[in-house]
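Start at 1 and go down the list; that is how both ligands and their atoms are numbered.
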Amino acid sequence: MKTIAERFREIRERIERAAEKAGRDPAAIRLIAVSKTKPVSMIREAVAAGVTDLGENYIQEAREKIPQIAGPVHWHFIGHLQKNKAKYAAALFEWVHTIDRVEIADALNRRAGMEGRTLKVLIEVNVGRETSKSGVLEEGLIPLVEHVSTCSNLSLKGLMVIPPLATEPEEAREYFIKTRRLSEEVASRHIPGVSMDELSMGMTSDFEVAIEEGATMVRVGTAIFGPREM
Ligand SMILES: *Cc1c(COP(=O)(O)O)cnc(C)c1O
């Protein structure tokens, strides 16, 4: 069986190849290793292998694991966020990828202020218009961006998307393109305090397609840590 270090290196190489194919600088793509459900021992192995960015989905799990990981790790919250968990998210994470409504932005903003920190945030868009998914619908994006731009402890950096489940990576492409277009539309409005430099898109099954369409952050779990049981 391959080690985490070997898998991490392979994914980095695949990222480099995809970037080169798309005429992009591989250094502009951040690999977030998604460690949800995986034990602290595996996360330590990943950090020792050179992983600098880690993603978690569940606040309760993150509260247990994050304090046990030493080293200069950038933590990304990529799960669905509930208002009553905002205080933990604001204390534990540097990035929150899943802002999708005003109430969550307000709760995080208030808690970040109490912590004396500024959180880097992304807005999650539901470009597939799936009723089962979180994320703001296209028509709600600009009003939400405008609101987040007024939150003094949140720094809006871009958009995040989880495309509808697919059997082929190519099926995700249209959703990545749509998300990139939305981010360009937001950027063209030059809203003070808002940058659209980041596009968080692509997972184990489709990160190469996402890179071809402009991803600056890919969130890869299974290909680094192996399959999850839950
Ligand atoms: C679990 C998860 C990932 C990682 O998925 P893999 O298919 O294991 O790479 C990425 N993004 C989000 C939002 C997730 O919940």
Q: Kindly confirm or rule out an N or O of Ser205 lying under 3.5 angstrom from an N or O of ligand 1.
A: no
Q) For Phe93 and Ala62, which heavy atoms make the closest approach, and how far apart are they? A) CZ-CB, 3.6 Å
Q | Lys/Arg-Asp/Glu bridge criterion (N-O < 4.0 Å) met for Glu184, Arg189 | A | no
Q: Compute the shortest N/O to N/O distance between Gly221 and ligand 1 and return yes if it is under 3.5 Å, no if not.
A: yes
Q | Residue Val220 vicinity, atoms of ligand 1 by number, heavy atom under 4.0 Å | A | 9 (O)
Q) Looking only at heavy atoms, is any part of Arg228 under 4.0 Å from ligand 1, and if so is it the side chain, the backbone, or both, or is it neither? A) side chain
Q | Minimum-distance pair of heavy atoms, taken over all atoms of Ile224 and Ile4 | A | O-CG1, 3.8 Å
Q. Where on Asn57 is there a heavy atom closer than 4.0 Å to ligand 1, on the side chain, on the backbone, on both, or on neither?
A. side chain
(Q) Can you confirm whether Leu122 sits close enough to Leu159 that some side-chain heavy atom of one is under 4.5 Å from a side-chain heavy atom of the other? (A) no
Q | Basic-acidic side-chain contact under 4.0 Å: Glu213, Arg180 | A | yes
(Q) Restricting to non-hydrogen atoms, name the atom on Val194 and the atom on Ser149 that form the minimum distance, rounded to 0.1 Å. (A) CG2-CB, 3.5 Å
**Q.** For atom 6 (P) of ligand 1, the protein heavy atom that lies nearest, with its residue and separation
**A.** Thr204 OG1, 3.5 Å
Q) What protein heavy atom is closest to atom 10 (C) of ligand 1, reported as residue, atom name and distance in Å? A) Met203 SD, 3.4 Å
Q.
Minimum distance, heavy atoms only, to atom 1 (C) of ligand 1: which one of Lys36, Glu56, Arg219 is it?
A. Lys36
Q: Identify, by atom number and element, the atoms of ligand 1 in contact range of Ile162, meaning under 4.0 Å from any of its heavy atoms.
A: 13 (C)
Q: Provide the closest heavy-atom pair for Ala19 versus Ile29 in the form atom of the first, atom of the second, distance.
A: CB-CD1, 3.8 Å
Q: May I ask you to identify the nearest protein heavy atom to atom 8 (O) of ligand 1, giving residue, atom name and distance to one decimal place in Å?
A: Thr222 OG1, 2.5 Å
